[in-house]
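Please read all numbers here as calculations on a predicted model, not as lab measurements.
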Amino acid sequence: VLSANQGIDDVEVGSLPRLLEAVNFAAEKHKCQRRKDPEATPYINHPIGVARILSSEAGVSDTIALEAAILHDTVEDTDTSFEELETVFGRPVAQVVQECSDDKLLPAAERKRIQILHTPHASVRAKLVKSADKIYNLRDLERVHPVGWTRDRVDAYFLWSAQVCSGLRGVNANLDRLMAEIFDRQGLTKVYLAAENSA
């Protein structure tokens, strides 16, 4: 298991303006979007929260990973292109966002299947962002169910997430622990550890 930043660059001096630029960019792109919770909270809360999990709970200070966390839904859920992200934030950030983005042209079931298959082979930075993203969403789902979701749909999401997160383990011990705690509460520890058990 890598330490919080092993294998990736530490935060650069003067990186705060870059991070604020990413927050502003994401806020503009997501300005008309809302989360699916009953309170219809502003969508921007989510990417900021994902970056906060990486920084405050996982001890990640890699600027590229934090920028990508803030921007991770801009291509998938707004009119942003990868080319635009590369122009504004550089190729490394755009590449991480690309790894974290689903192809919305595919059916939902196929997108979920691809996530399970591709996640174990993602880059370290993409795994960091994906882990924090899942932690945020699963905590939200434990707190309140999205409007219109049945109990069966919630249970299915937790099960699928455990399968995805199984392929994210081993990059950051803090994120591993946070994911393990969630799946323990949901009775899905065996699914989360499936890759280890089959090795």
Exercise. Can a salt bridge be assigned to the pair D77 and K104 using a cut-off of 4.0 Å between side-chain N and carboxylate O?
Worked result: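 Counted as a salt bridge, because a side-chain N and a carboxylate O are separated by less than 4.0 Å.
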Do [X] and [Y] have side chains that approach each other closer than 4.5 Å (heavy atoms only, starting at C-beta)?
| X | Y | result |
| --- | --- | --- |
| C100 | D133 | no |
| E86 | Q95 | no |
| W160 | Q115 | yes |
| H30 | T78 | yes |

Seminar exercise, completed: Members sharing L106's hydrophobic cluster, built from side-chain contacts under 4.5 Å between Ile, Leu, Val, Met, Phe, Trp and Tyr, are I114
Seminar exercise, completed: Besides V144, the hydrophobic cluster formed by Ile, Leu, Val, Met, Phe, Trp and Tyr side chains linked at under 4.5 Å, directly or via other members, contains none
For this session: Return each pair, listed once, that meets ring pair (Phe, Tyr, Trp, His ring centres under 6.0 Å) where at least one residue sits in residues 99-146; pairs must be two or more places apart or across chains.
Result: H46-Y136
Exercise. Side chains of Y192 and D184: is there a donor and an acceptor less than 3.5 Å apart?
Worked result: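 The criterion, which ignores hydrogens and geometry beyond distance, is not satisfied for D184 and Y192.
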Problem set entry | Neighbour count >12 (heavy atoms, 6.0 Å) for atom CZ, R91 |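 Not buried by this count: 12 neighbours or fewer within 6.0 Å.
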Problem set entry | All salt bridge (charged side-chain N to carboxylate O under 4.0 Å, His left out) counterparts of K134, not counting sequence neighbours |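 If we apply the salt bridge (charged side-chain N to carboxylate O under 4.0 Å, His left out) test to K134, skipping adjacent residues, there are no hits.
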For this session: Check salt bridge (charged side-chain N to carboxylate O under 4.0 Å, His left out) between K31 and all other residues, then give those that pass, not counting sequence neighbours.
Result: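 K31 satisfies salt bridge (charged side-chain N to carboxylate O under 4.0 Å, His left out) with E28 once adjacent residues are dropped.
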Exercise. According to the salt bridge (charged side-chain N to carboxylate O under 4.0 Å, His left out) rule, which pairs have a member within residues 114-124, sequence neighbours left out?
Worked result: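 Found none.
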Exercise. Judged by atom type as modelled, is there a donor-acceptor pair below 3.5 Å linking the side chain of D176 to the main-chain atoms of G170?
Worked result: yes
Problem set entry | F183 and F158 aromatic centres sub-6.0 Å |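 That pair fails the under 6.0 Å test.
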